[in-house]
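See below for the structure under consideration.
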Amino acid sequence: MNSRVRSSLTVNSYDYETYAPVSTNGNGGLGFIGMQRCTDCSSSPIADLASRQASQGWATVFTLNEPDINGITPSQAASWYIQYINPLAIKKALPAVTSSVTSGEGLSWVSQMISACAGQCYFDYINLHWYGTTFAEFQSYVESAHSQFPNYQLVITEFALQNPAGGQAAQVSFFQQAFPFLDGASYVQLYFPFVATSPALLQADGGSAASIVGTGSCLYNNDGTPSAVGNLMY
């Protein structure tokens, strides 16, 4: 589950599924965004997408998680999107892609999907992920995405330094630069630092994320209090 920050407000959450996370104290005032992260997940069946959206009332849907590196072609994604995502009368994001610069991945995959859609995919947002080594790299990536897709708003649904040697302190320094930059970018609608969990839970439940990204960007401490990164969101 990630939390979105813009202009010092945390307003949305998502959890890579089409059902909201279990909570014992309500939603904290956060709007939930459903995500159909795979073409047909056992936990989020595509057959249930429309009914879950209608019953839960979410106003935005995110789609496929990093299909550019998971064997889904732009053409396959376009056909799937037209069939299942187009009918939802809510805000829509194209599949979330990596920041890979390899041909056929990252932004080039998005461009190829849009071409494959032939004007038949209805969407509001280009969805980006980024992991790297410096704020300058991140800024350049976001600006290049805007240059390539100037007519669309961006949502950045995962981003952090990639396992920096400086740990949490390096992540804090990065986000102290990234948040104001994103707040000042009129073409960025939503952004979600990775990740709204604790180091212990990320290591237990996050697969390879803890080894790839590290635990320094976690928004919570193991006792549930906001971490040094999490405190930047208040």
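A distance-only check finds no donor-acceptor pair linking the side chain of Q162 to the backbone of P164 [under 3.5 Å]. Counting only distance, with no hydrogens or angles, the side chain of D68 and the backbone of G106 share a donor-acceptor pair below 3.5 Å. Of the possible polar contacts, one joining the N12 side chain to the G31 backbone as a donor-acceptor pair under 3.5 Å is found. Between the S51 side chain and the D48 main chain, a donor and an acceptor come within less than 3.5 Å of each other. Without hydrogens or angle criteria, S140 side chain to A136 main chain gives no donor-acceptor distance under 3.5 Å. Side-chain atoms of Q171 never come within 3.5 Å of backbone atoms of G167 as a donor-acceptor pair (strictly under, hydrogens ignored). Side chain of S217 to main chain of A160: no donor-acceptor pair is present (N/O by atom type, distance under 3.5 Å, no hydrogens or angles). Not one N or O on the side chain of S173 forms a donor-acceptor pair closer than 3.5 Å with the backbone of A170. For T102 (side chain) and E105 (main-chain N/O), no donor-acceptor pair under 3.5 Å exists by modelled atom type.
With sequence neighbours excluded, the residues that form a side chain to side chain contact (heavy atoms under 4.5 Å, CB included) with A200 are S198, N222. Contacts of H129 classified as side-chain hydrogen bond (donor to acceptor under 3.5 Å, both in side chains), with partners at least two apart in sequence or in another chain: E66, T157. Not counting sequence neighbours, the partners of T39 by the side chain to side chain contact (heavy atoms under 4.5 Å, CB included) test are L64, I72, W80. With sequence neighbours excluded, the residues that form a salt bridge (charged side-chain N to carboxylate O under 4.0 Å, His left out) with D124 are K91. Residues forming a side-chain hydrogen bond (donor to acceptor under 3.5 Å, both in side chains) with W58 (at least two apart in sequence, or on another chain): Q56. Every residue two or more places apart in sequence or in another chain that forms a side-chain hydrogen bond (donor to acceptor under 3.5 Å, both in side chains) with N221 is listed here: T225. By the ring pair (Phe, Tyr, Trp, His ring centres under 6.0 Å) test, Y19 pairs with no residue at all, sequence neighbours left out. By the side chain to side chain contact (heavy atoms under 4.5 Å, CB included) test, Y122 pairs with N86, Q120, sequence neighbours left out. For the side-chain hydrogen bond (donor to acceptor under 3.5 Å, both in side chains) test, residues two or more places apart in sequence or in another chain that qualify with S44 are E17, T18. Residues forming a ring pair (Phe, Tyr, Trp, His ring centres under 6.0 Å) with F62 (at least two apart in sequence, or on another chain): Y14, F192. Checked against ring pair (Phe, Tyr, Trp, His ring centres under 6.0 Å), F123 has the following partners two or more places apart in sequence or in another chain: Y152.
When each of Y16, W130, Y131, F175 is tested with F194 by the rule ring-ring contact (aromatic ring centres under 6.0 Å, His included), just one qualifies, namely Y131.
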Test side chain to side chain contact (heavy atoms under 4.5 Å, CB included) applied to Q203 and S211, step by step: CA-CA 8 Å; Q203 290 171 325; S211 60; over 6 Å; no

V213 vs L202, side chain to side chain contact (heavy atoms under 4.5 Å, CB included): CA-CA, chis, key distance, verdict: CA-CA 10 Å; V213 185; L202 183 63; 5.9 Å; no

Check against side chain to side chain contact (heavy atoms under 4.5 Å, CB included), T98 and E158: CA-CA 9 Å; T98 68; E158 290 183 22; over 6 Å; no

Side chain to side chain contact (heavy atoms under 4.5 Å, CB included) assessment of F159 paired with V142: CA-CA 11 Å; F159 69 109; V142 174; over 6 Å; no

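Here the straight-line distance linking atom CG of L190 with atom OG1 of T60 works out to 7.0 Å at 0.5 Å rounding. Here N163 contributes atom CG and I212 contributes atom CD1; the two are 9.0 Å apart, rounded to the nearest 0.5 Å. With rounding to the nearest 0.5 Å, the separation of CG in N231 from CG in L219 is 10.0 Å. Between atom CG of residue L182 and atom CD of residue Q177 there is a gap of 11.5 Å, rounded to the nearest 0.5 Å. To the nearest 0.5 Å, atom OG1 of residue T197 and atom CG of residue D205 are 7.0 Å apart.
Transitive grouping of hydrophobic side chains (ILVMFWY, heavy atoms separated by less than 4.5 Å) keeps I82 and I90 in distinct clusters. Note on I46 and Y81: same hydrophobic cluster, where clusters join Ile, Leu, Val, Met, Phe, Trp and Tyr whose side-chain heavy atoms are under 4.5 Å apart, directly or indirectly. Under the 4.5 Å side-chain contact rule for hydrophobic residues, V97 and I69 do not share a cluster. Put simply, Y220 and L201 are part of two different groups of oily side chains (I, L, V, M, F, W, Y) that touch within less than 4.5 Å, one to the next.
Contact check for M113 versus P95: side-chain heavy atoms found under the 4.5 Å cut-off.
Within the structure, salt bridge (Lys or Arg N to Asp or Glu O under 4.0 Å) contacts touching residues 216-234 (residues at least two apart or in different chains) do not occur.
Residues E137 and T133 bring a donor and an acceptor atom of their side chains to less than 3.5 Å of each other.
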